[in-house]
Amino acid sequence: MRESTEKVILSEMLIDEQGWVSGTQLATKLKLSRVAVWNHMEKLRAQGFEFESRRSLGYRIKTKPQHLNAGLIQLSLKAKHRKFSFDILDEIDSTNDEVSRQLASGRTAPFALFARRQTKGRGRFGRTWYSTSETNIYVSFGFRPMLTPDRMQTFTLWMGVNICDLIAKVTQTSPQIKWPNDLVFQGKKAGGILTEARVDADQIRDLVFGLGINVNKPSTGWPSDIANRAVSLGEVAAVAVDFNRLATALSERILESYAAFCDGTHLATFADLWNCYDMLRGKKVTLIEADRQIMGMVLGIDDHGALLLRDSGGKTQRFRAGEVTIKKD
Ligand code: BTN
């Protein structure tokens, strides 16, 4: 959001907890008449804000929009991230695809694209990612890390476990991470990550980090093909999830985790964080990798992010990719 009059009005009302600001104060600050200020507040009302007014105190925000609002996110970002460049799109084929196109056309990284809906949301293994509802988060970040491809092996795992930790803290819930990067509550999936990279002369030139999080169950219910596998934060959190607060906290955590990954400082906490949220350790599982099916007990992950499985013969095998299902006893 550019430095607009609406943004100034919001920032004045977000300065303190109480949030009261008088019409005269706003008019003076903006060098506008009170009628003009009122007209700008109408524009904010159209975005979903509701205001409370008191003769002696002025105005304050009564209700914040429940859909993504660029001004609210930007004003809530910590000072060090205030200049972070992001856009909110009403509809796009896939935020990963659009970020990839914008990286290819030279947009300065990092940046992020949120979308309210995706018409071709994509998941791992070429699957479709349910993306028609405004009640979820669909976001992709564009980075130019200039790292060698071998460094990327643990990138998605590191980012995934950070998102899991952030969700636990912001929503006061108990998510788990299912290798490689599914965000899971009681065995049901609430989020997933799709990382895509373009390698150039042995360096990662463009990196797209895509994240989908189910925030609220759609009012019409989950589509039948995912109904028994999907869950939303709203269904597990004791308190209502504030969409914009979550988007702000996610953006900050993603930027900070990315920076820690690039400078290598993530190594100090990665293993502990993973162990804290790992859903699979000690579980008997079936892993499907291409046309192979392997059964075994999960021992954890190695330094390269590979899954360690002890097979029936007692041998430890490593897997870089694959899909895991937990065996029912
Ligand atoms: C998975 O299969 O678990 C990964 C799902 C990733 C979905 C997100 S939504 C935002 C971004 N855009 C896409 O098309 N996919 C990712």
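Treat the numbers as computed from the prediction; the structure is a model and nothing was measured.
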A.B. asks: Taking the basic N atoms (NZ, or NE/NH1/NH2) and the acidic carboxylate oxygens, is any pair closer than 4.0 Å for R116 and E91?
C.D. replies: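 No.
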
A.B. asks: Within the distance-only criterion (no hydrogens, no angle test), does the side chain of D278 pair as donor or acceptor with the backbone N or O of G300 below 3.5 angstrom?
C.D. replies: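 Here the side-chain-to-backbone pair does not exist.
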
A.B. asks: Shortest non-hydrogen contact from W179 to G305?
C.D. replies: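 Minimum heavy-atom contact is NE1-O, 2.9 Å.
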
A.B. asks: I need the L194 CG to S94 OG distance, nearest 0.5 Å.
C.D. replies: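 Here the rounded value is 7.5 Å.
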
A.B. asks: So how far is it from K188 NZ to K178 NZ, rounded to the nearest 0.5 Å?
C.D. replies: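 One gets 14.5 Å once the value is rounded to the nearest 0.5 Å.
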
A.B. asks: Using a strict 4.0 Å threshold on nitrogen-to-oxygen distance, state whether E323 and R127 make a salt bridge.
C.D. replies: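 A salt bridge is present here (some side-chain N lies under 4.0 Å from a carboxylate O).
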
A.B. asks: For the backbone of L72 and the side chain of S76, can you confirm whether one donor and one acceptor N or O come within less than 3.5 Å of each other?
C.D. replies: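 Such a contact is found between S76 side chain and L72 backbone.
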
A.B. asks: Given the rule in the side chain to side chain contact (heavy atoms under 4.5 Å, CB included) test, do Y130 and N136 qualify, once you have shown the distances and angles that lead to the verdict?
C.D. replies: CA-CA 9 Å; Y130 172 74; N136 300 326; 4.1 Å; yes

A.B. asks: Could you check whether any side-chain N or O of R82 sits under 3.5 Å from a backbone N or O of L77, counting only pairs where one atom can act as donor and the other as acceptor?
C.D. replies: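 At least one qualifying donor-acceptor pair exists.
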
A.B. asks: Check step by step if side chain to side chain contact (heavy atoms under 4.5 Å, CB included) holds for L183 and Y277.
C.D. replies: CA-CA 10 Å; L183 180 75; Y277 292 106; over 6 Å; no

A.B. asks: What class does the angle between the rings of F270 and W274 fall in, given that below 30° is parallel, 30 to 60° is tilted and above 60° is perpendicular?
C.D. replies: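 If you compare the ring of F270 with that of W274, the planes turn out perpendicular.
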
A.B. asks: Charged N to carboxylate O below 4.0 Å: is that the case for R107 and D87?
C.D. replies: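 Between D87 and R107 there is a salt bridge, with a charged N closer than 4.0 Å to a carboxylate O.
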
A.B. asks: Does anything in residues 226-250 pair up under salt bridge (charged side-chain N to carboxylate O under 4.0 Å, His left out), and if so which pairs, sequence neighbours excluded?
C.D. replies: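 Output for this query is empty, none listed.
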
A.B. asks: Are the side chains of V215 and L246 in touch, meaning some heavy atoms are under 4.5 Å apart?
C.D. replies: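 Of all side-chain heavy-atom pairs linking L246 with V215, at least one is under 4.5 Å.
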
A.B. asks: Got a sec, which pairs hit salt bridge (charged side-chain N to carboxylate O under 4.0 Å, His left out) with one end in residues 141-163, sequence neighbours left out?
C.D. replies: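 Listed by first then second residue: R144-D206.
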
A.B. asks: To the nearest 0.5 Å, what is the distance between CZ (F209) and OG (S257)?
C.D. replies: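 Rounded to the nearest 0.5 Å, the CZ-OG separation comes out at 8.0 Å.
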
A.B. asks: Apply the test side chain to side chain contact (heavy atoms under 4.5 Å, CB included) to residues T195 and L207: give CA-CA distance (whole Å), side-chain angles for both, the deciding distance (0.1 Å), then the verdict.
C.D. replies: CA-CA 7 Å; T195 305; L207 182 69; 3.7 Å; yes

A.B. asks: Nearest 0.5 Å, please: how far is CG in L255 from NZ in K78?
C.D. replies: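 So the NZ of K78 and the CG of L255 are separated by 9.5 Å.
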
A.B. asks: Between T95 and Q118, is there a side-chain donor-acceptor contact under 3.5 Å, judged purely by atom types and distance?
C.D. replies: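 Per modelled atom types, Q118 and T95 side chains form a pair under 3.5 Å.
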
A.B. asks: Output the distance between atom OG1 (T316) and atom CE (M297), rounded to the nearest 0.5 Å.
C.D. replies: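 The distance works out to 11.0 Å.
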
A.B. asks: Return yes when atom CZ of R45 has more than 12 non-hydrogen atoms of other residues, nucleotides or ligands closer than 6.0 Å, and no otherwise.
C.D. replies: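 Yes, enclosed.
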
A.B. asks: Side chain to side chain contact (heavy atoms under 4.5 Å, CB included), that's the test. Do N216 and L233 meet it? Break it down for me.
C.D. replies: CA-CA 6 Å; N216 287 304; L233 302 183; over 6 Å; no

A.B. asks: May I ask you to say whether D97 pairs ionically with K120, meaning some side-chain N is under 4.0 Å from a carboxylate O?
C.D. replies: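 Salt bridge flag = no for K120 with D97.
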
A.B. asks: Flag the pair M159 / N181 as yes when at least one side-chain heavy-atom distance between them is below 4.5 Å, and no otherwise.
C.D. replies: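 The answer is no; the side chains never approach within 4.5 Å.
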
A.B. asks: Side chains of D165 and L273, heavy atoms from C-beta outward: is any pair under 4.5 Å?
C.D. replies: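 In short, these two side chains touch, coming nearer than 4.5 Å.
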
A.B. asks: Going by distance alone, is a donor N or O of one side chain under 3.5 Å from an acceptor N or O of the other, for T265 and D263?
C.D. replies: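 On atom types as modelled, these side chains qualify, holding a pair under 3.5 Å.
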
A.B. asks: Sub-3.5 Å donor-acceptor pair from the side chain of T220 to the main-chain atoms of P218, do we have one?
C.D. replies: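 The answer is no, because no donor-acceptor pair under 3.5 Å joins these two groups.
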
A.B. asks: Please determine whether the number of non-hydrogen atoms from other residues, nucleotides or ligands lying under 6.0 Å from atom NZ of K62 exceeds 12.
C.D. replies: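 Open.
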
A.B. asks: Kindly say whether the aromatic ring centers of F141 and F84 come within a distance under 6.0 Å.
C.D. replies: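 Ring centres of F84 and F141 closer than 6.0 Å.
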
A.B. asks: Looking at D93 and R117, does any basic side-chain N land under 4.0 Å from a carboxylate oxygen?
C.D. replies: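 Salt bridge flag = no for R117 with D93.
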
A.B. asks: Do M152 and I204 have side-chain heavy atoms sitting under 4.5 Å apart?
C.D. replies: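 Yes, at least one pair of side-chain atoms sits under 4.5 Å.
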
A.B. asks: Quick one: closest heavy-atom pair of E134 and F243, and the distance?
C.D. replies: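 Closest heavy-atom pair between E134 and F243: O-CZ, 3.4 Å.
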
A.B. asks: Are there over 12 heavy-atom neighbours, none belonging to Q186, within less than 6.0 Å of that residue's CD?
C.D. replies: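 Count not over threshold, so no.
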
A.B. asks: With sequence neighbours excluded, what pairs up with Y258 under the ring-ring contact (aromatic ring centres under 6.0 Å, His included) test?
C.D. replies: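 Partners of Y258 under the ring-ring contact (aromatic ring centres under 6.0 Å, His included) test: F143.
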
A.B. asks: Should E6 and H40 be marked as a side chain to side chain donor-acceptor pair (under 3.5 Å) after you check the CA-CA gap, both sets of side-chain angles, and the distance that decides it?
C.D. replies: CA-CA 6 Å; E6 287 86 60; H40 284 287; 2.5 Å; yes

A.B. asks: Run the salt-bridge test on E256 and R253 with the 4.0 Å N-O cut-off and return the result as yes or no.
C.D. replies: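 So E256 does not pair with R253 through a salt bridge.
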
A.B. asks: Would the number of heavy atoms belonging to other residues, nucleotides or ligands and lying under 6.0 Å from NZ of K189 be above 12?
C.D. replies: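 More than 12 heavy atoms, drawn from other residues, nucleotides or ligands, come within 6.0 Å of this atom.
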
A.B. asks: If you measure from the Lys or Arg side-chain nitrogens to the Asp or Glu carboxylate oxygens, is any gap between E196 and R122 under 4.0 Å?
C.D. replies: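 Yes, this pair counts.
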
A.B. asks: So, F86 versus F111, ring centres under 6.0 angstrom or not?
C.D. replies: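 When the ring centroids of F86 and F111 are compared, they turn out to be at least 6.0 Å apart.
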
A.B. asks: At what distance, to the nearest 0.5 angstrom, does NZ of K284 lie from OG of S312?
C.D. replies: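 If I round to the nearest 0.5 Å, the distance is 11.5 Å.
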
A.B. asks: More than 12 heavy atoms of other residues, nucleotides or ligands under 6.0 Å from CG of D303: is that the case?
C.D. replies: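 12 or below, so no.
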
